[in-house]
Each structure stands twice: as structure tokens, then as C-alpha cells.
Protein chains: 2
Amino acid sequence: MARDELTTERTRRTTPRGPSKSQQAYHWLKERIARQEFTPGYRLVLGAIAGELDMSVVPVREAIRQLEAEGLVTFERNVGAHVSMVDDSQYRFSMQSLSVLEGAATALAARALTPDDIREARAINERMIETLDDFDPRAFTALNQRFHAILFARCSNPRMLELVETEWAKLGHLRDSTFSFVPGRAQESVAEHENILVLLESGAPLGEIEKAARRHRVATLDAYMTHEHPDEALGVLDI
Amino acid sequence: MARDELTTERTRRTTPRGPSKSQQAYHWLKERIARQEFTPGYRLVLGAIAGELDMSVVPVREAIRQLEAEGLVTFERNVGAHVSMVDDSQYRFSMQSLSVLEGAATALAARALTPDDIREARAINERMIETLDDFDPRAFTALNQRFHAILFARCSNPRMLELVETEWAKLGHLRDSTFSFVPGRAQESVAEHENILVLLESGAPLGEIEKAARRHRVATLDAYMTHEHPDEALGVLDI
DNA sequence: GTATCTCACATCGTATACCATCTGTCTCAG
DNA sequence: CTGAGACAGATGGTATACGATGTGAGATAC
């Protein structure tokens with residue numbers, strides 16, 4: 001009997017087996033960084049974070065190591081961790097890489113898109129056009145992301161999408177602010193969207209589609225960078 | 001005087017300030033995985049590794065978390081860490097992504113390559129041709145990597161190269177065995193190398209160069225995959 | 001007033017200890 | 001013989017403790 005009780009104790013799950021604390025800390029930090037609550041340069045103090053999350057520093061350290069491996073956080077020995085700073089040059093390199101990856105991802109999705117997908121994407125693009133009067137960058141950007149999400153959803157290569165995701169995560173808050181720099185860029189962008197949709201609908205050669213998608217991303221980069229490096233070739237490979 | 005001695009004691013670095021143990025463990029593990037001493041599926045037991053490296057498990061855990069973030073290691077709660085298995089489908093997706101990234105990287109290096117670079121690359125390629133009689137996959141692969149390293153060295157986008165590196169690391173031991181699958185593939189490969197060199201020398205459009213470089217990588221994939229999915233489109237985007 | 005030194009404190013780095021969880025083996029009922 | 005359950009050992013997960021290191025404020029000499 002005492003034996004049975006013991007057994008019962010043993011069988012019962014004392015902890016409901018959620019995610020490990022390391023994982024909790026990882027997601028918590030990543031979310032904060034993505035939300036810009038922790039902006040680039042922000043100092044991440046292990047003890048403080050551990051206290052906030054009600055855990056010890058060990059899991060927090062592990063989480064920060066993971067984020068470091070992803071490039072979101074910089075960890076300096078005996079100094080501490082900071083949210084990574086993205087300087088202009090890194091930004092350009094990442095955007096150029098993104099243009100290549102997103103171009104390929106779009107092309108790899110092209111043949112799998114259904115007419116419904118196209119319709120949905122076009123509807124979103126039209127809502128983007130509506131937001132152009134009385135321009136709200138936040139709403140515009142949200143729609144923009146939905147637009148591309150629809151295209152990417154059919155990408156036959158999930159790894160390619162992971163690479164895109166990781167790269168965007170690195171850029172952190174800059175992701176959302178891309179369009180605020182050059183207002184005129186928004187109009188251009190919706191026009192390019194429509195252009196891409198037409199190519200997709202018409203079963204254009206994958207090369208054409210890849211080219212258009214790549215240029216679309218690079219144009220964003222150009223818009224952001226205009227004031228800095230006006231005449232440098234910012235990344236349109238001549239495909 | 002006693003004061004001076006104390007000061008001296010204090011100033012002297014008791015630990016010579018090497019890399020942290022976490023970093024040591026990280027590099028040690030990464031090296032082992034790259035060398036195939038830890039093959040895919042190999043179980044990484046924290047305690048054992050800690051003992052081997054003469055440290056406690058905490059730094060080892062951190063190292064494994066970093067490797068997990070890079071995709072080299074899979075970590076399952078309360079079960080343990082394993083060197084990631086790469087199945088055929090993941091392999092294909094990674095190789096396709098690599099073809100895209102390497103194509104772009106080659107194109108981004110094209111205009112910066114000097115005649116000396118081309119000469120050196122060609123010399124290496126000729127040594128590859130020599131190894132074809134009495135074929136030694138190991139030597140061939142080493143030369144192959146040097147060949148591409150020369151081209152990539154001038155790539156204007158370091159981030160693109162990082163992405164290439166990380167992706168190769170994920171494939172681990174498969175990196176070296178690519179050519180052993182289809183013997184005839186080696187001849188083809190050196191011919192493609194020469195083709196790429198000619199394009200580079202002649203200042204061909206970047207699109208042509210990118211296309212050639214991308215096809216080169218995909219051909220390797222085809223060679224590896226032939227027996228599995230003979231007629232699927234394995235990744236040559238129609239650029 | 002300025003530059004340098006010193007010291008205290010904040011923070012990181014790691015080892016140790018202990019609890020939770022899994023896994024394989026052994027037992028026993030059917 | 002078979003399968004379900006229990007137990008023990010192995011292993012992962014986290015907290016705590018303590019040593020190592022960097023940083024900045026204050027003191028001191030010039």
C-alpha cells in the first residue's frame with residue numbers, strides 16, 4: 001500500500017512537461033528583439049533576464065548562445081551580451097542575400113500557385129493600394145508581408161524559406177521600417193507586385209519570375225540606401 | 001612595498017584569458033563532426049564530452065545549443081543530443097539552396113577576380129584533371145574546394161559566403177563524399193570549371209556566370225541523386 | 001585641473017549538487 | 001509464451017555557489 005502510493009507519486013508528472021526553460025528564454029528574448037522592445041545595442045544582463053523570467057542564469061545563457069549563433073545577439077567574454085547592431089554595410093549584404101534567396105523562393109513557388117492564391121495576393125495588393133492615400137507605413141508593411149507570405153507558402157524548398165526567415169530575423173526591427181524611408185517607394189512596390197502576379201499567372205519562364213522577385217527586393221534596398229551610396233551597384237545581379 | 005607586491009599580484013592575469021570553455025567545446029565538437037568522427041545520428045552524451053574536455057557539463061550544453069541553432073545537432077528534451085541526420089530530402093533542399101547561393105557568390109566575385117586568380121584556379125583545375133587517372137576522391141575533393149575558394153575569395157558580399165559556409169557545415173560529412181557516388185561526374189565537373197573560367201575571363205554577363213555556377217552545383221546534386229529521383233527537376237531554376 | 005591609480009561592485013564563467021525524466025530490464029500475471 | 005507494469009540506472013535540466021574579470025567612481029599626486 002505504501003508501495004502503491006510511492007508508485008503513484010512516481011508515475012504522476014510533477015512538471016507538466018512544457019518546453020524547457022532554455023527554450024522559454026530563447027523565445028521570450030527573440031520575441032522581444034523582434035518587437036523592438038530590445039533595440040540593437042540594448043544590453044542583455046543575464047541576472048536581470050533570469051529574474052524577470054523567474055529562472056536562474058544558466059538557461060538564459062543557453063538561450064543567448066543560440067541567439068548568438070543566429071546572429072541576433074553579440075556576446076563578449078566577461079563583458080556581456082548586446083542585441084546585435086546592424087550597420088549599413090551589413091544591412092546591404094543581408095538585403096542582397098535576401099534578394100537572391102527570395103527571388104529563388106518565389107520562382108520555386110511559381111508552378112505550385114493556384115488561381116486562388118493569385119486572387120488572394122491580388123486582393124491584398126489592392127488593399128495596399130488603398131492604404132496609399134493617407135499612408136500608414138505600419139499597415140502597409142503588414143500587408144506587404146502577407147502578400148509575400150502567400151507566394152512563399154507554396155515554395156517547394158522549405159530550407160530556402162528558413163534561410164529567408166533567419167536572415168530577416170537578423171535584421172530585426174529594420175524589417176518593419178523599410179518603407180518609411182522613401183514614401184514614393186510604396187507606389188512602386190505595389191506596381192511591382194502586380195507585375196509579379198501577371199508573370200505568375202501567365203506561366204512566365206521561371207527565370208523571368210526570379211528576376212522580377214529579386215529586383216523587387218533590391219529596389220527596397222535601393223530606396224533605403226539612396227541617401228548613402230547613390231551610385232553603387234546595390235545588388236541587382238544581371239540575371 | 002607590501003602594497004606594491006599586492007598590486008603586482010592583482011595586475012597579473014591569473015588566467016591567461018583564452019577562449020571560454022563554451023567556445024572550446026563548441027569548436028571541438030564542430031571539428032569532430034566535420035571530420036566525421038561523430039557521424040550523423042551519433043549520440044552526444046553531455047557528461048562524457050565534459051569529461052573528455054575536462055570541464056563540467058554547463059559549457060558543453062551551451063556549445064550544443066549553438067550547434068543546434070546552426071542545425072548541426074538535434075537536441076531533444078530529456079533524451080539527449082544527436083548529430084543531425086540529413087535525409088535525402090533535406091540534402092536536396094540544402095543543395096538547391098547552395099546552388100542559388102554559390103551561383104550568386106560567384107557572380108558577385110566575377111568582376112573582382114584578377115588574371116592571377118584565374119591562372120591559379122586553372123592550375124588547380126589542371127591538377128584535378130591529372131588526378132582523374134587513378135581517381136582519388138579525397139584528393140579530387142580537396143582540390144575542388146580550393147578551386148571554388150579562389151573564386152569566392154573575391155566575393156563582394158561576405159554575408160553570402162557565410163550563408164554558403166553554414167549550409168555546407170550542415171551537410172557535414174556529405175561535403176566530402178559528393179564525388180564518390182558517380183565516378184563519371186568528376187570529368188564533367190572539371191569541364192564545367194573550365195567553362196566557368198572562360199566566362200570569367202571574357203567578362204561575360206553576370207547572369208551567364210551565375211547560371212553556369214548554379215548549374216555546376218546542381219549537377220553535383222543530380223549526380224548524387226540520380227538513383228533516387230531520376231526525373232524530378234532537381235533544382236536548376238530556369239535562369 | 002588633470003591624469004593616473006585603486007578599490008568596490010556589477011557581471012560573467014564554471015563547477016557542483018540535486019531533482020526530473022527517460023529507457024531498458026526484470027518480474028509476474030494471464 | 002506474451003505483455004503490462006515496476007524498478008534501477010543513466011542522463012538531462014536547473015539552481016546555487018563561488019571564483020574571475022571588467023568597469024567606473026573616487027582618491028591622490030602632480
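Proteins come first, then strands; the chains are lettered A, B, ... in the order of their sequence lines, and each starts at number 1.
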**Q** Using whole Å, what does the distance between atom C1' of nucleotide dA10(C) and atom CG of Leu44(A) come to?
**A** 16 Å

**Q** Could you check if a side-chain atom of Lys170(A) sits within less than 4.5 angstrom of a side-chain atom of Val86(A), using non-hydrogen atoms only?
**A** no

**Q** Which is more 5' along DNA chain D, the nucleotide nearest Ser56(A) or the one nearest Gly47(B)? Just name the residue.
**A** Gly47(B)

**Q** Which listed nucleotide (dG13(C), dA15(C), dT11(C)) is nearest to the side chain of Val45(A)?
**A** dT11(C)

**Q** Are side-chain heavy atoms of Phe152(B) and Glu102(B) found at a separation under 4.5 Å?
**A** yes

**Q** Check every atom of dT11(C), dA15(C), dG13(C) against the side chain of Arg43(A) and return the nucleotide holding the closest atom.
**A** dT11(C)

**Q** Report the distance from atom NE2 of His82(B) to atom C1' of dT11(D), rounded to the nearest whole Å.
**A** 11 Å

**Q** Charged N to carboxylate O under 4.0 angstrom, Arg159(B) versus Glu162(B)?
**A** yes

**Q** Rounded to whole angstroms, how far apart are CD on Gln23(A) and C1' on dT14(D)?
**A** 14 Å

**Q** Is any NZ, NE, NH1 or NH2 atom of the basic residue among Glu62(B) and Arg65(B) found under 4.0 Å from an Asp or Glu carboxylate oxygen of the other?
**A** no

**Q** Send over the distance from Arg77(A) CZ to dG22(D) C1', rounded to a whole Å.
**A** 12 Å

**Q** Quick test of your reading of the model: are Glu210(B) and Arg214(A) salt-bridged, counting only N-O distances below 4.0 Å?
**A** yes

**Q** Between protein and nucleic acid, restricted to nucleotides 23-25 of chain D and to nitrogen or oxygen atoms under 3.5 Å apart, what atom pairs and distances do you find?
**A**
none

**Q** Please pick, from dT11(D), dA15(D), dG13(C), the nucleotide with the shortest atom-to-atom distance to any side-chain atom of Arg61(A).
**A** dG13(C)

**Q** With the threshold set at under 4.0 Å for non-hydrogen atoms, list the residues of residues 64-74 of chain B touching DNA chain C in residue-number order.
**A** none

**Q** With a 4.0 Å cutoff (strictly under), does any side-chain N or O of Ser22(B) reach OP1 or OP2 of dT14(C)?
**A** yes

**Q** Does atom CZ of Arg111(A) have more than 12 heavy-atom neighbours, drawn from other residues, nucleotides or ligands, at distances under 6.0 Å?
**A** yes

**Q** Leu46(B) has a side chain; which of dA15(D), dG12(D), dT11(C) sits nearest to it?
**A** dG12(D)

**Q** Pick out which of Gln66(A), Glu31(A), Glu70(A) makes a side chain to side chain donor-acceptor pair (under 3.5 Å) with Tyr26(A).
**A** Glu70(A)

**Q** Do Thr114(A) and Asp117(A) have a side chain donor and acceptor closer than 3.5 Å?
**A** yes

**Q** In terms of heavy-atom contacts, does CG of Asp54(B) have more than 12 from other residues, nucleotides or ligands at under 6.0 Å?
**A** no

**Q** From OH of Tyr26(B) over to P of dG13(C), roughly how many Å is that when rounded to an integer?
**A** 17 Å

